[in-house]
Amino acid sequence: MRLIVVALVYKGFLDPARGHWEFGYEIGRVARSIVLGNGFSNPYWADTGPTALLTPVYPYLLAGIFASFGLYTKAAALVFLAINTFFSAVTSVPVFFIARKTLDLRTAKVAAWAWAFFPYAINFSATTMWYHSFVALLLAVIFLLVLSLRSSDELTAWAAFGAFLGFAALTNPVMIGITPFIGGWLWVQLNRRRKRAWAAVSIGLIAMVVTILPWLIRNERVLHQPVVFKDGFWLEVCVGNVNNTLHWWDGDEHPSGSARENVQYERLGESNYVAAKHRRAINYIATHPGAYAWRSLRHAFFMWMGFWSFDSDYLRQEPFDPENICFLSLLSLLSIAGLYCMFREGRGTNAMLYSLVLLSFPIPYYLSHLDPGFRHPVDPLLVILACFAAGRIRVEIHVPDRTKEETAELALS
């Protein structure tokens with residue numbers, strides 16, 4: 001199904017306008033720079049030098065495809081989109097095992113099939129060249145590994161887990177935000193079982209840091225300043241908040257959407273440009289704390305309900321928002337119902353893990369800006385919980401009728 005969609009849309013990525021901008025956006029431009037021998041550099045159109053606006057995993061993946069199939073070619077587009085769709089499709093495997101470990105076999109089967117046909121999974125894997133589907137797979141695998149490690153203090157396994165967390169963070173730094181919460185949950189589980197909780201968690205943390213360290217060293221050497229993952233957070237804060245525009249993304253604040261900003265980025269260089277954005281964002285938050293808080297709350301509504309505005313000008317830009325609001329709101333409500341059923345049925349430990357991940361993952365997006373695809377990494381967990389709730393609702397509907405029939409038979413006998 002995903003590949004059928006790829007066949008219908010891939011030609012749109014071959015448009016040469018703006019230096020093949022649609023082909024991976026900043027990821028595509030940095031991958032091009034790598035293939036041409038200029039290193040991890042030039043996220044836009046000019047030769048602006050080394051960058052830390054992106055983390056390395058996906059640009060290097062696309063660079064490998066470019067090196068094998070050519071720059072911005074039809075073959076490269078099809079291969080890259082096919083890999084994206086593979087990541088999305090194979091996510092059904094951890095979805096199945098997570099549901100079976102935390103809920104039951106029936107929910108696991110339903111959730112795996114639901115993921116196969118899940119509209120967001122098909123859309124974000126086949127119609128975008130960003131890493132949404134890969135991060136969804138990584139988060140699902142991390143969740144499954146957490147469930148496996150809650151009763152194990154084997155240090156080798158914990159070291160491998162820490163390295164995997166580091167790799168996930170080098171794909172999307174937002175993943176690091178869930179680490180303290182899943183680490184705390186695991187420490188509690190191991191401590192209850194009288195395992196070596198401190199040793200296991202410490203080994204995992206060390207392995208994660210060691211995995212990330214080469215990227216930190218690279219940033220220090222080429223940018224001449226410490227950058228842990230990416231240096232564009234305050235740029236994203238400006239994009240999502242400063243002008244308080246009609247839309248959730250303000251292109252006038254971003255080099256990819258504004259010729260003025262692009263010229264300024266080229267003139268100042270990346271380090272000075274993001275420093276200026278840092279000052280601009282901090283000044284806005286200090287002078288407009290109420291507006292910033294309200295905008296962050298709107299980001300949260302947009303995350304879970306898909307609602308941003310019913311303004312006619314906005315809807316002309318986003319004509320499918322009303323349908324998306326209905327679908328996403330239903331998914332979120334069913335997921336909340338699934339969590340409620342887990343707590344009610346004595347599955348509170350597992351329900352707490354779901355809650356910690358779902359609540360912690362989107363925090364950076366609330367504070368900066370939110371794109372519909374940014375929520376996708378938690379969609380596997382939402383699908384599992386929604387399927388569980390749907391199954392419980394079905395049982396609640398049918399059980400009373402069956403009870404009445406049994407009562408009548410007992411009365412007759």
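Thr107 contributes no side-chain N or O that, together with a main-chain N or O of Phe388, makes up a donor-acceptor pair within less than 3.5 Å. Side chain of Asn219 to main chain of Val227: a donor-acceptor pair is present (N/O by atom type, distance under 3.5 Å, no hydrogens or angles). A donor-acceptor pair is defined here as one N or O able to donate and one able to accept, closer than 3.5 Å; no such pair exists between the side chain of Trp198 and the backbone of Trp187. With Asn84 contributing its side chain and Ala126 its backbone, the two residues share no donor-acceptor pair below 3.5 Å. Of the possible donor and acceptor atoms, one in the side chain of Thr287 sits under 3.5 Å from a partner among the backbone N and O of Tyr284. Put simply, the side chain of Thr85 gets close to the backbone of Ala82: a donor and an acceptor are under 3.5 Å apart. Side chain of Ser92 to main chain of Ala89: a donor-acceptor pair is present (N/O by atom type, distance under 3.5 Å, no hydrogens or angles). Without hydrogens or angle criteria, Ser68 side chain to Ile65 main chain gives no donor-acceptor distance under 3.5 Å. A donor-acceptor pair under 3.5 Å links the side-chain atoms of Ser335 to the main chain of Leu382, judged by distance alone.
Note that CG of Asn42 and CG of Leu53 are 11.0 Å apart. Values are rounded to the nearest 0.5 Å. Rounded to the nearest 0.5 angstrom, Trp158 CH2 and Ile203 CD1 are separated by 11.0 Å. Distance CH2/Trp215 to CZ/Phe229: 11.0 Å, rounded to 0.5 Å. Rounded to the nearest 0.5 angstrom, Ser309 OG and Leu246 CG are separated by 5.5 Å. With rounding to the nearest 0.5 angstrom, the CG atom of Leu14 is 8.5 Å from the NZ atom of Lys74.
Applying the ring pair (Phe, Tyr, Trp, His ring centres under 6.0 Å) test to Trp45 and every residue at least two apart in sequence or in another chain returns Trp21. Every residue two or more places apart in sequence or in another chain was checked for a ring pair (Phe, Tyr, Trp, His ring centres under 6.0 Å) with Phe117, and none qualifies. Under the side chain to side chain donor-acceptor pair (under 3.5 Å) criterion, Arg100 pairs with no residue, sequence neighbours left out. Every residue two or more places apart in sequence or in another chain was checked for a side chain to side chain donor-acceptor pair (under 3.5 Å) with His288, and none qualifies. For Phe307, the ring pair (Phe, Tyr, Trp, His ring centres under 6.0 Å) partners at least two apart in sequence or on another chain are Phe310.
Screening residues 361-385 for salt bridge (Lys or Arg N to Asp or Glu O under 4.0 Å), with sequence neighbours left out, gives Arg375-Asp379. The list of salt bridge (Lys or Arg N to Asp or Glu O under 4.0 Å) pairs with a residue in residues 83-99, not counting sequence neighbours, is empty. Applying the salt bridge (Lys or Arg N to Asp or Glu O under 4.0 Å) definition to pairs two or more places apart or across chains, none involves residues 10-34. Residue pairs meeting the salt bridge (Lys or Arg N to Asp or Glu O under 4.0 Å) criterion with at least one partner in residues 148-176, sequence neighbours excluded, are Asp153-Arg196.
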Taking only distance into account, with no hydrogens and no angle test, what donor-acceptor pairs under 3.5 Å do side-chain atoms of residues 231-243 form with protein atoms, sequence neighbours excluded?
from, atom 1, to, atom 2, distance (Å)
Glu236, OE1, His369, NE2, 2.8
Asn241, ND2, Val237, O, 2.9
Asn241, ND2, Ser368, O, 2.8
Asn243, ND2, Asp250, OD2, 2.6
Asn243, ND2, Glu253, OE2, 3.1

Show me the donor-acceptor pairs, under 3.5 Å and distance only, between side chains in residues 1-10 and residues at least two apart or in other chains.
from, atom 1, to, atom 2, distance (Å)
Arg2, NE, Ser88, OG, 2.9
Arg2, NH1, Ala116, O, 2.9
Arg2, NH2, Ser88, OG, 3.4
Arg2, NH2, Trp115, O, 3.1

Sequence neighbours left out, cut at 3.5 Å: what donor-acceptor pairs do the side chains of residues 296-303 make with other protein atoms?
from, atom 1, to, atom 2, distance (Å)
Ser296, OG, Tyr292, O, 3.0
Ser296, OG, Tyr366, O, 3.3
Arg298, NH2, Trp308, O, 2.8
His299, ND1, Tyr366, O, 2.8

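Residues Tyr25 and Ser256 are not in side-chain contact: their nearest non-hydrogen atoms beyond the backbone lie 4.5 Å or more apart. Residues Leu62 and Phe66 are in side-chain contact: their nearest non-hydrogen atoms beyond the backbone lie under 4.5 Å apart. Considering only heavy atoms from C-beta on, Thr171 stays 4.5 Å or farther from Thr55 through its side chain. Val378 is listed as a side-chain neighbour of Leu139, based on a closest heavy-atom distance under 4.5 Å. Between His132 and Ser125 there is no side-chain heavy-atom pair separated by less than 4.5 Å. In this structure the side chain of Asp321 reaches within 4.5 angstrom of the side chain of Tyr314, judged on heavy atoms. Between Leu147 and Thr102, the closest side-chain pair of non-hydrogen atoms falls below 4.5 Å. For the pair Ser133 and Leu137, the minimum side-chain heavy-atom distance is 4.5 Å or more.
Counted within 6.0 Å of CZ on Phe343, heavy atoms from surrounding residues, nucleotides or ligands total more than 12; the atom is thus considered enclosed.
Test Thr349, Val146, Leu149, Leu353 against Gln189 for side chain to side chain contact (heavy atoms under 4.5 Å, CB included) and you get one pass: Thr349. No option in Trp249, Trp304, Phe374 other than Phe374 meets the ring-ring contact (aromatic ring centres under 6.0 Å, His included) test with Tyr365.
Nearest heavy-atom pair across Leu190 and Ser152 is CD2-O, 3.4 Å. For the residue pair Ile176 and Ala169, the shortest heavy atom distance occurs at CD1-CB, 4.0 Å. Minimum interatomic distance between Thr91 and Ala140 (heavy atoms only, all atoms of both residues): CG2-CB, 4.2 Å. The shortest non-hydrogen separation linking Leu315 to Pro322 is CD2-CD, 4.1 Å.
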(request) Would you sort out whether Glu266 and Tyr273 count as a side-chain hydrogen bond (donor to acceptor under 3.5 Å, both in side chains), showing the intermediate values? (result) CA-CA 9 Å; Glu266 294 175 12; Tyr273 178 79; over 6 Å; no
(request) Assess whether side chain to side chain contact (heavy atoms under 4.5 Å, CB included) is satisfied between Met305 and Ser332, documenting all intermediate values. (result) CA-CA 7 Å; Met305 298 175 60; Ser332 296; 5.9 Å; no
(request) Begin with the C-alpha distance, continue with both residues' side-chain angles, and end with the deciding distance and a verdict on ring pair (Phe, Tyr, Trp, His ring centres under 6.0 Å) for Tyr131 and Phe87. (result) CA-CA 10 Å; Tyr131 46 54; Phe87 290 148; over 10 Å; no
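Between the side chains of Glu270 and Tyr265, at least one donor-acceptor pair of N or O atoms lies under 3.5 Å. Between His247 and Thr245, the side chains place no donor N or O within less than 3.5 Å of an acceptor N or O (distance only, hydrogens not considered). Counting only N and O atoms by type, the side chains of Asn38 and Ser41 include no donor and acceptor under 3.5 Å apart.
In this structure, the ring of Phe124 has its center less than 6.0 angstrom from the ring center of His376. In this structure, Tyr60 has its ring center under 6.0 Å from that of Phe40. Note: Phe13 and Tyr72 fail the aromatic proximity criterion, with ring centroids not under 6.0 Å apart.
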